[in-house]
> 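Before I ask anything, let me first share the structure, which is written out below as C-alpha cells.
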Amino acid sequence: MKEHYDIIIVGGGIVGLTVALLLAQSDKRIALLDKKGCIESFNREQYDVRVSAVTPASVKLFEQLSVWDNMVALRVSPFTHMHVWDGDGQGKIQFNAASMGVNELGYIVENNVMLQVLWQRVLAAANIELLNDIDLDYLQRHEHNSNIELHGGDTVLSAPLIIGADGAQSWLREAAHIGITERDYQHHALVCTVKTEKAHDKTARQRFMPEGPLAFLPLGSAHESSIVWSSAPTHIDTLMQLSNDDFGIALTEAFQSQLGAVIEVGPRATFPLVMRHAKHYVQSGLALVGDAAHTVHPLAGQGLNLGLADAALLAELVLQDYAHKNERVKYSTLRRYERARKADNATMLAAMDGFRHLFGNDIPIVKWLRHRGLNLTDRLDFIKSLILQKAMGV
Ligand SMILES: Cc1cc2nc3c(=O)[nH]c(=O)nc-3n(C[C@H](O)[C@H](O)[C@H](O)COP(=O)(O)OP(=O)(O)OC[C@H]3O[C@@H](n4cnc5c(N)ncnc54)[C@H](O)[C@@H]3O)c2cc1C
C-alpha cells in the first residue's frame, strides 16, 4: 500500500499533537504516526504521576488552538508564587504573580490532561489521519519527497515535509543521520504525588541541595503536590526501595518540613536525566521539534515549553509558505525556524547547566557567593522581573 500526504508527523506526544493541530489550519493532508495505541485516559480520582509546569506563553498557544478551556474543564492547577532556596536556607529568592501584574505565574498540568484534550481535537480534525501502533522501518529521502516504510515494507507513506516529534530517542533523527550533543546529567528524577500536612498556598517550591534539586509543585487540591526529586542514580534507587512511610519521612526531612509532614505518598516513577541537543533541527523537507531536538534538566520546568515554542514557530513559518502558494516548504524557511529556535534552546540548555553546577557545588566560596547572589537578586525587583519573564516564556 502506498499513501501520499502533504505532511507526515512522527510522534503524537504533546508537541507532535500541537504541531499537527497548528498545521491543520491549512488545507494540507496530514498523517500523524505514533507507535503507541491508545489515547491516555484522564482519571479524576487520581493525579497523573507526570505533570508539567506550563508557562503563560504555552497557555496562550493552547488558547489559540481553543484547547485550553477543555484542559481547564478537566483539571489544571494555577500557581501564584515561587520560592527557591539553597540547601541550608541561607540564600533564597521568592517570586509572586502580583509583582508582575498577572493573576498567576503558570499552571501545573497533568500530562494526560493535555494529551487527552489534544488527541480529541486531532481525532475531530478532518485533514489529520491518525496512524497508531505503527512500526517504523525505513526512511528514504528523495529530492522533493521522503518515503517512510512501515511494518516491514507493507506500507509506504510519502510526503514532501516530514516532522520528527518522536521524543528523546527520536527514530526520525537517527534515520536522517542527524547527530546530537549528549551529556548525562548524572541525575535521575523521582516523581510522585504526595499529600502534605500544610496547604501549599498555590506556591511552587524548590530546594537546591548539593545532590540535586527537590521541587514540590502545587496541585488543584490544597494539600496535594507533585514532587520532582533529582539526585544521583544510586540515591534515587535507594529512595525507590523505601516503603511509603519511610519515603514520606525522607521526603519531609529533605524538604525541611516546609509543608509539614508528608502524610501520603502515591506511586513513584523515575526518569534518567540526559541533556541532548540535535546538531541540526532541519534538512530539506524535514524538521525536528520538542524532545526530538533537545532535552533539558527539569529543574526549571522548561522542556515541554521549549518544545511547544518550537511547534508554534515551525507551524507559523510553514503556514506562511503555504499561504504564498508554495507547494513545498522552502529549505530557507526551515532554516529560519532552526536559527531562531536553536539559539533560544541553546541558551536555556546552557542556563540549566550553569544552575546545576552552581547549586551542585559545596565549595565554601561558591556557597557564600550563591547565598549572596540569591539574596541580592531577591532585593532587585528589575532583575527578578527579567528572570520571571524568561521563566514565564514572555
Ligand atoms: C521528571 C520530568 C519532569 C518534567 N517537568 C517538566 C515541566 O514541569 N515543564 C516542562 O515544560 N517540561 C517538563 N519536562 C519535560 C517534558 O516532559 C518533555 O519535554 C515533553 O514531554 C516532551 O514532549 P514531546 O512531545 O516532544 O516528546 P514525548 O512526550 O516523548 O512524545 C514522543 C511521542 O513520540 C512517540 N514515538 C516515539 N518513538 C516513536 C517511533 N519510533 N514511532 C512512532 N512514534 C514514536 C511516542 O509514543 C510519544 O507519543 C519534564 C521531564 C521530566 C523527565
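The analysis underlying the following values was restricted to heavy atoms, covering all of them including side chains, and did not include hydrogens, waters or symmetry mates. Whatever order the structure lists them in is the order used to number ligands and atoms, beginning at 1.
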> When you look for heavy atoms under 4.0 Å from ligand 1, do you find them on the side chain of Q169, its backbone, both, or neither?
neither
> Give the numbers and elements of all ligand 1 atoms closer than 4.0 Å to a heavy atom of G290.
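With G290 as reference, the close atoms of ligand 1 come out as 26 (O).
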> Please report the interatomic distance NE2(H294) to CG(D344), rounded to the nearest 0.5 Å.
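CG of D344 is found 9.0 Å from NE2 of H294.
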> Can you check which of V109, V51, L172, L190 brings a heavy atom nearest to atom 5 (N) of ligand 1?
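When every heavy atom of V109, V51, L172, L190 is considered, V51 comes closest to atom 5 (N) of ligand 1.
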> Is it true that a side-chain atom of R75 and a backbone atom of N43 form a donor plus acceptor pair closer than 3.5 Å?
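Here the side-chain-to-backbone pair exists.
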> Determine whether the side chain, the backbone, both or neither of S52 has a heavy atom under 4.0 Å from any heavy atom of ligand 1.
both
> Is the backbone of V274 close enough, under 3.5 Å, to the side chain of T295 for a donor and an acceptor to pair up by distance?
yes
> Any nitrogen or oxygen of D34, main chain or side chain, under 3.5 Å from a nitrogen or oxygen of ligand 1?
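N/O-N/O distance under 3.5 Å: yes.
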> Please list, chain by chain and in numerical order, all residues satisfying side-chain contact (heavy atoms from CB on, under 4.5 Å) with A312, sequence neighbours excluded.
L61
> For residues 232-242, which residue pairs qualify under side chain to side chain donor-acceptor pair (under 3.5 Å), counting only residues two or more places apart or in two chains?
S231-H235
> Hey, is T55 touching ligand 1 through its side chain, its backbone, both or neither, going by heavy atoms under 4.0 Å?
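Answer for T55: neither.
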> Pairs of nitrogen or oxygen atoms closer than 3.5 Å, one from N305 and one from ligand 1: do any exist?
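N/O-N/O distance under 3.5 Å: yes.
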> Tell me which protein heavy atom sits closest to atom 17 (O) of ligand 1, plus the residue, atom name and distance to 0.1 Å.
R50 NH2, 3.0 Å
> Short list, please: which atoms of ligand 1 are under 4.0 Å from a heavy atom of I14?
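Listed by number with element, the hits are 25 (O).
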> With heavy atoms under 4.0 Å as the rule, classify the contact between A165 and ligand 1 as side chain, backbone, both or neither.
backbone
